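Right, one structure below, let's go through it.
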Amino acid sequence: MASPLSLLILFLVFISASHSNAYPLSTQNRWIIDEATGQRAKLVCANWAGHLKPMIPEGLDKRPLKELVGELVKHNFNCVRLTYAIYMWTRYSHENVSASFASLDAPEVVQGISKNNPSVLSMTHVQAFHAVVHELGVQNVKVLLDNHVSEPMWCCDDDDENGFFHDRHFNPQEWVRGLTLAAKHFTGNHAVVAMSLRNELHGPRQNLQDWYRYMSQGAVAIHKTNPNVLVLISGLNYDTELQFLKSKPLKIDLGKKMVYETHLYSWSGIGTLKLKEIWTKQPLNRICANNIKGIDYRVGFLTTGKNAAPLIFTEFGFNEEGSSVEDSRFLTCLQTYLLGKDLDWGLWAFQGSYYVKKDQVQVDESFGLMDETWHHLRYPNLTHKFQLLQRKNIVNEKNEVELGSCETKNRWVGGENGTKIILHGTKKCLTAAGEGLPVVVSDCERKSSSWKSVSLSKLHLATMNQQEEQLCLQKDSNSSSIVTSKCICIKDDSLCLDDPQSQWFQLVETNV
């Protein structure tokens, strides 16, 4: 498999994202559901930026709006996290899009919009946002309205004065007013199913007293104005930390509409530490295990216990130009978490470019799903990379196990003692045939039919051969076959820096 992302799974773990008109959504313990049917409504989102200085969603200079939304549908996203600036509602709601671009000195952008979406130039910013939301709704793509910033600008830096309550550009009263205006505008709009309070709180002013006070005010304001939408609560330190809720829960009444969100990137580290290089300088099993423990400690706990609530990874992403080993390793590890927890998520980002970013015109987005033309995927294997979220294994005509599509009927079940992996509907087990040989389905009584999870990451499945040597499942580098080989770096050895991803497998429950 050529993709650098080589997490493999034995059971179907991904509920297919459906493009339905479910509205309104609600919560049931840790799940988001269709309120009318009670069925799970999994949000698989792409982030679409509209919070920068032009204050309209990106890409309208590249292709007609209908085609842009069509790309989201084509690539199986059923949701958009659509970002906006508070000032768009409180200070610039009546400002004309054309006038804004004139002040930004971006004639090439205006020319592109005039060609592809000419009506937008005569709209106000709010009208342009409404038009985008309308088209998303027409194509059954749900909208999560995300308050990204107050002052329209690129986010974020610790000193941008746009990061926490009482910063120069973060007046709490104006913020609540902006949230209220947005909630009121989209009341009754079935495309808009959720609203967030604020993206990535950050900066030196962060403190818990203000967090509890103002996040409560903002959440209640949205819910009172538009009780149909989910309300997303974000944490501190760039939305990586909510562990303080363990000792003091957020006690506000939003009915069944409260959802939490979190973000993580390869450079996020723990809190505000910048640890991107650790993904190549420490044993991968160790850093992945520590990363997952950190996620559970900071935010994952919210999905467990008697007060469990939904948690959405509303932002994660990677350099889609394929140049970062760190990004690739991080993403593989994070996907094991998303798989195991079956979380809703949002990829940064849909946009292939920006109209204006930090005073530069038509700036490329290396993390963009689309390339700079908005006609092609930036990373051609992206669909394949994320297809691993819905992959399971199949048995071929030789009785060997290989990767297959989730469309097949074959699946696996766990044995009574927890060490057997049984082909559903048979009395045959996953069995190692020998080092370097494809695994097969065979008699369950063999020693090589017993498996256990090993390594700190718990992503290696190992068995013992007749010589009492430990062998791990491994994706064959030259085919779709799954073989067994000597285990790679399963001990916590700081000197073992080989890449074990070809041996990463995960057992999770299927929903079919």
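Bear in mind that the values here come from a model prediction, so they are computed numbers and not experimental data.
In this structure a side-chain-to-backbone donor-acceptor pair under 3.5 Å is present from Arg329 to Trp279. Without hydrogens or angle criteria, Ser479 side chain to Asp476 main chain gives no donor-acceptor distance under 3.5 Å. With hydrogens and angles disregarded, a donor-acceptor distance shorter than 3.5 Å links the side chain of Tyr355 to the backbone of Pro57. Looking at Gln351, its side chain does come within 3.5 Å of a backbone N or O of Ala49 through a donor-acceptor pair. At distances below 3.5 Å, not a single donor-acceptor pair connects side-chain atoms of Asp167 with backbone N or O atoms of His169. Judged by distance alone, with hydrogens and angles left aside, the side-chain atoms of Ser26 form a donor-acceptor pair with the main-chain N or O of Lys256 at under 3.5 Å. Under a 3.5 Å cut-off, the side chain of Thr187 and the backbone N or O of Ala183 do form a donor-acceptor pair. Put simply, the side chain of Thr27 never gets that close to the backbone of Ile32: no donor and acceptor are under 3.5 Å apart. Under a 3.5 Å cut-off, the side chain of Asn147 and the backbone N or O of Asn199 do not form any donor-acceptor pair. With hydrogens and angles ignored, the 3.5 Å screen pairs a side-chain donor or acceptor of Thr336 with a backbone N or O of Cys333.
Between Glu261 and Arg81 there is a salt bridge, since a side-chain N of the basic residue sits under 4.0 Å from a carboxylate O of the acidic one. Here Glu365 does not pair with Arg378 in a salt bridge; the nearest charged N to carboxylate O distance is not below 4.0 Å. Between Arg40 and Asp342 there is a salt bridge, since at least one side-chain N of the basic residue sits less than 4.0 Å from a carboxylate O of the acidic one.
Looking at residues two or more places apart in sequence or on another chain, you find a salt bridge (Lys or Arg N to Asp or Glu O under 4.0 Å) between Asp359 and Lys53. Not counting sequence neighbours, the partners of Asp327 by the salt bridge (Lys or Arg N to Asp or Glu O under 4.0 Å) test are Lys276. By the side chain to side chain contact (heavy atoms under 4.5 Å, CB included) test, Thr373 is found to be paired with Asp371, His375, His376, residues two or more places apart in sequence or in another chain being considered. Residues forming a side chain to side chain contact (heavy atoms under 4.5 Å, CB included) with Lys458 (at least two apart in sequence, or on another chain): Ser453. Every residue two or more places apart in sequence or in another chain that forms a side chain to side chain contact (heavy atoms under 4.5 Å, CB included) with Ser98 is listed here: Asn96, Leu121. The side chain to side chain contact (heavy atoms under 4.5 Å, CB included) search around Thr37 returns Asp34, Gln39, not counting sequence neighbours. Here Glu67 pairs with Arg63 under the salt bridge (Lys or Arg N to Asp or Glu O under 4.0 Å) rule; sequence neighbours left out. For Asp239, there are no salt bridge (Lys or Arg N to Asp or Glu O under 4.0 Å) partners at least two apart in sequence or on another chain.
Checking each of Phe313, Phe316, Tyr337 against Trp345 for a ring-ring contact (aromatic ring centres under 6.0 Å, His included) leaves exactly one that passes, namely Phe316. The residue from Glu135, His185, Met123 that alone fulfils the side chain to side chain contact (heavy atoms under 4.5 Å, CB included) condition with His130 is His185.
Of the N and O atoms on the side chains of Gln501 and Thr332, at least one donor lies less than 3.5 Å from an acceptor on the other residue. Counted by atom type alone, Asn285 and Trp504 present one or more donor-acceptor pairs between their side chains at under 3.5 Å. No donor-acceptor contact under 3.5 angstrom links the side chains of Thr240 and Asn237, judged on distance only. Side chains of Ser353 and Trp374: a donor-acceptor N/O pair is present below 3.5 angstrom, by distance only. Looking only at atom types and distance, the side chain of Asp146 has no donor-acceptor partner in the side chain of Thr83 under 3.5 Å away.
Sorted by first and then second residue, the ring-ring contact (aromatic ring centres under 6.0 Å, His included) pairs involving residues 102-127 (not counting sequence neighbours) form an empty list. Within the structure, the salt bridge (Lys or Arg N to Asp or Glu O under 4.0 Å) test picks out no pair touching residues 179-202 (sequence neighbours left out). Among residues at least two apart or in separate chains, salt bridge (Lys or Arg N to Asp or Glu O under 4.0 Å) pairs with a member in residues 85-98 are Arg91-Glu174. Counting only residues at least two apart or on different chains, no side chain to side chain donor-acceptor pair (under 3.5 Å) pair has a member in residues 108-120.
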For Arg298 and Leu264, run side chain to side chain contact (heavy atoms under 4.5 Å, CB included): C-alpha distance rounded to whole Å, both residues' side-chain angles, the deciding distance at 0.1 Å, then the answer. CA-CA 11 Å; Arg298 297 189 302 274; Leu264 202 66; 4.0 Å; yes
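The side-chain heavy atoms of Val149 and Tyr84, taken from C-beta on, include no pair separated by under 4.5 Å.
Between Trp48 and Phe350, the gap from one ring centroid to the other is short of 6.0 Å. For Tyr238 and Tyr265, the ring centers sit 6.0 Å or farther from each other. Two rings, from Phe318 and Trp348, have their centers 6.0 Å or more apart.
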